[in-house]
Amino acid sequence: MNLEQTVLGIRFSNPLLTASGKWAWTAKQCQEIVDGGAGGITTKSFSTLKRKGHPEPTVVHTEHYTLNAVGLPSEGFDVVKKDLGTFISNRPVPVILSIFGDTVERFAESAAAFAQLGPDALELNISCPNVSDDHGTPFSYAPDTAAAVVKAVKKEVPGITIFAKLSPNVSNIAKIALACAEAGCDGITLINTFGPGMAIDPATAKSILSNKTGGISGPAIKPLAVRCVADVYKATEGKLPIIGIGGVETGEDAIELMCAGASLVAIGTAILTQGYGIFRTVADGMAEWCEKEGITLVNDIVGSLKAGK
Ligand code: RRO
């Protein structure tokens with residue numbers, strides 16, 4: 001079964017991408033991701049701003065959830081260009097470059113810099129839950145601040161496709177997505193990690209993460225992701241492509257996000273436990289499910305959620 005999917009003119013051999021996170025930092029990792037069967041790559045979030053990130057431990061992993069507070073380490077544009085520039089020029093799969101900034105102006109500056117590498121799209125990470133001490137409240141927590149970033153980036157690099165990555169930590173995610181759409185966003189990525197949450201080691205009575213709190217990901221947040229995707233798909237009347245993210249480990253998990261309205265699905269936390277081969281496992285599961293259901297075009301699943309009880 002052919003899982004090909006075309007979104008905003010970008011052709012993916014299957015709808016599965018990496019979610020921005022602890023992978024796709026280097027060209028070597030990107031090649032391993034391709035070898036694992038991913039249809040596309042979203043890179044780690046980069047910026048022209050240089051940051052150290054939080055000290056270890058930065059990840060707590062359990063059977064049900066994962067907590068992370070990596071803290072947006074970034075070595076600036078030149079280092080990323082040196083390593084990833086050639087991979088992006090010769091990319092075997094579409095590459096969405098994730099960027100961040102501590103201010104609206106820095107987002108525009110980072111967009112201008114990283115767009116030079118020629119990715120298929122930029123993803124604006126306006127929703128990291130782990131850097132509020134330095135950057136303040138994430139831009140995606142309110143419609144006006146989210147829209148301000150989108151507008152500034154569109155003005156700076158009008159020709160490039162942009163996705164805005166939103167947080168589930170809001171009362172009305174559809175309102176934020178609509179504000180981004182109105183500001184000129186081409187697509188929406190849903191969802192960044194939930195929380196922040198905290199894990200304590202009872203033996204020491206101390207928080208395990210050096211940052212004390214971190215974003216929650218993994219299977220525990222899948223229902224939250226499905227609901228957020230369904231809300232945004234409905235509010236935008238399916239006009240804005242959505243990259244769905246949240247706890248995907250199987251083909252049926254990916255199909256569920258597509259039923260809610262995702263055109264593409266990204267995988268993050270499951271890479272930690274299953275390695276890059278997770279992409280082939282999930283793609284095979286999707287193909288098997290589609291064949292069983294008599295579905296020949298994967299795009300036919302997108303937004304197929306039925307109204308009713
Ligand atoms: O680096 C991080 O700690 C991080 C980021 Br940028 C993000 O967007 N989401 C997250 O859970 N962690």
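The figures here come from the full heavy-atom set of this structure, side chains too, leaving out hydrogens, waters and symmetry mates. Both counts, for ligands and for their atoms, begin at 1 and track the order of listing. Worth saying up front: this structure is predicted, and the values here are computed from it rather than measured.
The distance from ligand 1 to the heavy atoms of N125 drops below 4.0 Å at these ligand atoms: 6 (Br), 7 (C), 8 (O). Of all atoms in ligand 1, numbered sequentially from 1 with element shown, those under 4.0 Å from a heavy atom of V70 are 1 (O), 2 (C), 3 (O). Below 4.0 Å from some heavy atom of P129 lie the following atoms of ligand 1, by number and element: 9 (N), 10 (C), 11 (O). Each of the atoms 3 (O) of ligand 1 lies under 4.0 Å from some heavy atom of A69. The ligand atoms of ligand 1 that sit less than 4.0 angstrom from a heavy atom of L72 are 1 (O), 2 (C), 6 (Br).
There is no side-chain donor-acceptor pair under 3.5 Å between S167 and S127. Between the side chains of Q5 and N14, no donor-acceptor pair of N or O atoms lies under 3.5 Å.
Between T193 and ligand 1, an N or O atom pair is found at a separation short of 3.5 Å. In terms of N/O distances under 3.5 Å, ligand 1 is approached by G71. The shortest N or O to N or O distance between N130 and ligand 1 is below 3.5 Å.
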inquiry  = Between K165 and I245, is the side chain to side chain contact (heavy atoms under 4.5 Å, CB included) condition met? List the steps.
reply    = CA-CA 10 Å; K165 185 168 186 180; I245 309 174; 4.0 Å; yes
request  = Would you check, one step at a time, whether the test side chain to side chain contact (heavy atoms under 4.5 Å, CB included) holds for N130 with V70?
outcome  = CA-CA 8 Å; N130 298 329; V70 181; 6.0 Å; no
request  = Output, in order, the C-alpha distance, side-chain angles, deciding distance and verdict of side chain to side chain contact (heavy atoms under 4.5 Å, CB included) for K22 and T58.
outcome  = CA-CA 10 Å; K22 280 183 78 72; T58 57; 3.7 Å; yes
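The ring of F77 has its center closer than 6.0 angstrom to the ring center of F114.
The distance from the CG atom of L122 to the CD1 atom of I160 is 4.0 Å, given to the nearest 0.5 Å.
Here the heavy atom of the protein found nearest to atom 9 (N) of ligand 1 is N192 OD1, 2.8 Å. Looking at atom 12 (N) of ligand 1, its nearest protein heavy atom turns out to be N68 OD1, 2.9 Å. The protein heavy atom nearest to atom 4 (C) of ligand 1 is C128 SG, 3.5 Å.
Nearest heavy-atom pair, V229 versus A262, reported as atom, atom and distance to 0.1 Å: CG1-N, 3.5 Å.
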